[in-house]
Amino acid sequence: MKQLRQIYGIAVRECGIICHNHIYWLCMVVFPLLVMFFFTAMLYEGKPLKMPVGVVDLDNSSTTRSIIRRLDAFQTSHVVARYPSVAEARKAIQENQIYAFLYIPEGTTDDLMASRQPKMSFYYTQTSLVAGSLLFSDLKTISTLASAAVGQATLLAKGFTDEQAQTFLQPIKVDLHPLNNPTTDYNVYLSTMLVPGLMMLFMFLITPYSIGTELKFGRSKQWMEMADNKAWVALIGKFTPHALVFLILTMTYAYYVYGILGFPHPGGTLRIIMLTLLQVFSSLGFGIFMFGLLPSLRMSMSTCSLWAVLSFSMVGSAFPAMAMDGALQSLAWLFPLRHYFMIYQTCIFNDYPLADAWSHIAVLVAFALLPILVAPKIRNAMLNYVYIP
């Protein structure tokens with residue numbers, strides 16, 4: 001009971017510190033909420049729509065104009081300009097006026113009708129990977145459709161039935177089934193990694209800041225005295241308010257994206273709550289551990305920020321971790337965001353059993369327990385170290 005009263009007293013003291021320091025408000029409430037709504041609003045459409053495309057149509061026939069109209073009707077492409085030459089269209093790409101252009105040489109229609117296999121070229125920039133990939137798909141599709149339409153008309157003129165013509169043009173019919181994210185929604189793909197990653201960044205930073213300022217402002221001995229110099233009592237009392245605030249914040253994010261925006265979550269609510277708890281406690285544990293390892297306000301915050309930024313590369317959402325170098329694959333296990341993303345992907349997004357992600361769950365629990373290793377060192381720092389600006 002005495003230790004519970006001590007924890008309660010330290011927690012009340014910490015609430016007072018939080019209320020009177022605007023840095024806590026910014027890093028624990030304002031910035032996380034801005035991040036949450038900024039990314040989900042920016043990607044609200046799911047993927048880029050009506051991206052600017054140019055056309056170089058030197059044939060200028062009814063057939064090629066029909067091809068251009070079909071290209072403009074695609075969801076992700078919008079024909080904004082026609083150019084008299086490839087050189088001018090290329091210049092427009094270099095000036096970022098368009099992302100791609102379709103080149104139709106003179107005589108294309110005549111060659112199509114005579115079955116002389118004309119060439120239509122399309123050029124696209126991969127400076128923006130998403131824009132380039134999506135427009136490549138549109139341009140390839142419209143080229144295939146154009147040749148198929150002419151081929152179908154030719155076969156029908158020769159007396160083939162519609163079914164025979166379709167079988168000739170497409171001997172093997174492809175039946176595609178994109179799983180879980182069939183609309184290729186980039187909001188589902190990116191926001192579920194970026195927003196939790198940035199929230200973990202704020203948790204990483206505010207944790208060593210909270211401990212380091214005890215030294216900086218000469219409150220460290222008072223903090224330890226309130227806990228009878230027991231480091232674990234002091235740490236539990238200090239970070240209980242932090243954990244509650246971040247839990248409310250992460251639960252709000254989960255309700256917003258899964259309940260309001262309707263992100264797919266076949267794994268269910270209980271797994272989301274479990275992952276939220278692991279996210280918060282592993283992040284706080286990692287921040288405490290870093291301060292215990294490097295009991296300096298500047299060094300611990302710098303290391304935490306570096307670790308958080310590297311997490312976005314090591315998480316494996318954009319570039320799969322399994323395709324990385326062997327040393328980097330091993331290093332990826334040291335980043336909490338990597339394990340958060342793997343549990344989300346395995347158990348919430350794909351609804352696989354928790355047993356399939358047991359190793360990642362165990363690692364996040366280990367991150368949450370890391371302060372046990374450095375608690376004596378933190379106690380020693382609070383009682384004996386002198387803050388040097």
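- Heavy atoms only, all atoms of each residue included: Ser191 and Tyr253 are closest at O-OH, 3.1 Å.
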For a quick test of your reading: what N or O donor-acceptor pairs under 3.5 Å do the side chains of residues 25-32 make, sequence neighbours left out?
residue	atom	partner	partner atom	Å
Trp25	NE1	Ile18	O	3.3
Trp25	NE1	Cys19	O	3.4

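- Contact between Leu139 and Ala100 at its shortest, heavy atoms only, is CD1-CB, 3.8 Å.
- A search for salt bridge (Lys or Arg N to Asp or Glu O under 4.0 Å) contacts involving Lys119 returns nothing, not counting sequence neighbours.
- Linking ILVMFWY residues whenever their side-chain heavy atoms come closer than 4.5 Å, directly or via other members, leaves Phe217 and Leu297 in distinct clusters.
- For the atom pair CD1 of Ile288 and CG of Leu293, the computed distance is 13.5 Å after rounding to the nearest 0.5 Å.
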### side-chain contact (heavy atoms from CB on, under 4.5 Å) evaluation trace for Leu337 with Phe312
CA-CA 8 Å; Leu337 182 59; Phe312 294 105; 4.1 Å; yes
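- Pairs of residues two or more places apart, or lying in two chains, that qualify as salt bridge (charged side-chain N to carboxylate O under 4.0 Å, His left out) and include a residue from residues 341-367 are Arg271-Asp351.
- The CG atom of Asp325 sits 10.5 Å away from atom CG of Leu331, with the distance rounded to the nearest 0.5 Å.
- Not a single donor-acceptor pair under 3.5 Å links the side chain of Ser220 to the backbone N or O of Leu215.
- Summarising the hydrophobic clusters (Ile, Leu, Val, Met, Phe, Trp, Tyr; side-chain heavy atoms under 4.5 Å, direct or chained), the residues clustered with Leu270 are none.
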### Task
Begin with the C-alpha distance, continue with both residues' side-chain angles, and end with the deciding distance and a verdict on side-chain contact (heavy atoms from CB on, under 4.5 Å) for Trp232 and Ile372.
CA-CA 8 Å; Trp232 67 272; Ile372 296 173; over 6 Å; no
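- Applying the ring pair (Phe, Tyr, Trp, His ring centres under 6.0 Å) rule to Tyr255 yields no partners; only residues at least two apart in sequence or on another chain are considered.
- In the hydrophobic cluster analysis, where Ile, Leu, Val, Met, Phe, Trp and Tyr join through side-chain heavy atoms closer than 4.5 angstrom, Tyr340 is grouped together with Ile273.
- Residues passing the salt bridge (Lys or Arg N to Asp or Glu O under 4.0 Å) test with Asp72, sequence neighbours excluded: none.
- Aromatic ring centres of Tyr209 and Tyr24: separated by under 6.0 Å.
- Among all heavy-atom pairs drawn from Pro208 and Ser300, the shortest one is CB-OG, 3.4 Å.
- Atom CD of Gln75 sits in a sparse spot, with 12 or fewer heavy atoms from other residues, nucleotides or ligands closer than 6.0 Å.
- Looking only at side-chain heavy atoms (C-beta outward), Phe239 and Ile211 come within less than 4.5 Å of each other.
- Remark: side-chain polar atoms of Lys50 are not paired, donor with acceptor, to backbone N or O of Thr76 under 3.5 angstrom.
- For Glu106, the CD atom is loosely surrounded, since the number of other residues' heavy atoms within 6.0 Å does not exceed 12.
- Other residues sharing a hydrophobic cluster with Tyr123 under the 4.5 Å side-chain heavy-atom criterion for ILVMFWY residues are Val56, Leu58, Val80, Tyr83, Val86, Ile93, Ile98, Phe101, Tyr103.
- Partners of Phe204 under the ring pair (Phe, Tyr, Trp, His ring centres under 6.0 Å) rule, at least two apart in sequence or in another chain, are Phe286.
- Counting heavy atoms from C-beta on, the side chains of Leu134 and Tyr99 never come closer than 4.5 Å.
- Summarising the geometry, atom CG belonging to Leu235 is positioned 13.5 Å from atom NZ belonging to Lys230; distances are rounded to the nearest 0.5 Å.
- Enclosure of atom CE in Met274 by more than 12 non-hydrogen atoms of other residues, nucleotides or ligands within 6.0 angstrom is indicated.
- How far CG of Leu275 is from CD1 of Ile348: 4.5 Å, rounded to the nearest 0.5 Å.
- No continuous path of ILVMFWY side-chain contacts below 4.5 Å connects Leu310 to Met322, so the two sit in separate hydrophobic clusters.
- Hydrophobic clustering, with ILVMFWY side chains joined whenever heavy atoms are under 4.5 angstrom apart, keeps Met342 apart from Met193.
- Side-chain N or O atoms of Thr240 include one that pairs as donor or acceptor with a backbone N or O of Ile236 at under 3.5 Å.
- Sorted by first and then second residue, the pairs that involve residues 193-214 and meet salt bridge (charged side-chain N to carboxylate O under 4.0 Å, His left out), not counting sequence neighbours, are Arg13-Glu214, Glu214-Arg219, Glu214-Lys238.
- Distance CD1/Ile343 to CG/Leu278: 5.5 Å, rounded to 0.5 Å.
- Minimum heavy-atom separation, Leu205 to Ser305: CD2-CB, 3.7 Å.
- Applying the side chain to side chain donor-acceptor pair (under 3.5 Å) test to every pair with at least one member in residues 358-386, sequence neighbours left out, gives these pairs: His339-His360, Asn380-Asn384.
- Remark: Lys91 NZ is loosely packed, at most 12 non-hydrogen atoms of other residues, nucleotides or ligands lying under 6.0 Å away.
- Looking only at side-chain heavy atoms (C-beta outward), Val53 and Phe74 stay at 4.5 Å or farther from each other.
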When the side chains of residues 361-368 are checked against the rest of the protein, which donor-acceptor pairs come out under 3.5 Å, sequence neighbours left out?
none

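- For Phe37 and Tyr256, the ring centers sit closer than 6.0 Å to each other.
- Between Met51 and Ala131, the closest heavy-atom pair is SD-CB, 3.6 Å.
- The CG atom of Asp57 lies 4.0 Å from the CD1 atom of Ile68; values are rounded to the nearest 0.5 Å.
- Between the side chain of Arg338 and the backbone N or O of Ser311, no donor-acceptor pair lies under 3.5 Å.
- Side-chain N or O atoms of Asn350 include none that pairs as donor or acceptor with a backbone N or O of Tyr352 at under 3.5 Å.
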### Task
Report the C-alpha separation of Val195 and Val257 in whole Å, then their side-chain angles, then the decisive distance to 0.1 Å, and conclude whether the side-chain contact (heavy atoms from CB on, under 4.5 Å) test is met.
CA-CA 11 Å; Val195 176; Val257 295; over 6 Å; no
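- The salt bridge (Lys or Arg N to Asp or Glu O under 4.0 Å) search around Arg82 returns none, not counting sequence neighbours.
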#### Entry: CA sep, side-chain torsions, deciding dist, call: Gln126, Tyr124, side-chain contact (heavy atoms from CB on, under 4.5 Å)
CA-CA 7 Å; Gln126 283 289 75; Tyr124 57 98; 3.9 Å; yes
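- Listed here is the closest heavy atom pair of Leu334 and Trp307: O-NE1, 2.8 Å.
- Within the 4.5 Å cutoff, the side chain of Asp228 has no heavy atoms near those of the Val233 side chain.
- Hydrophobic cluster membership differs between Met199 and Val309, with clusters built from Ile, Leu, Val, Met, Phe, Trp and Tyr side chains linked at under 4.5 angstrom.
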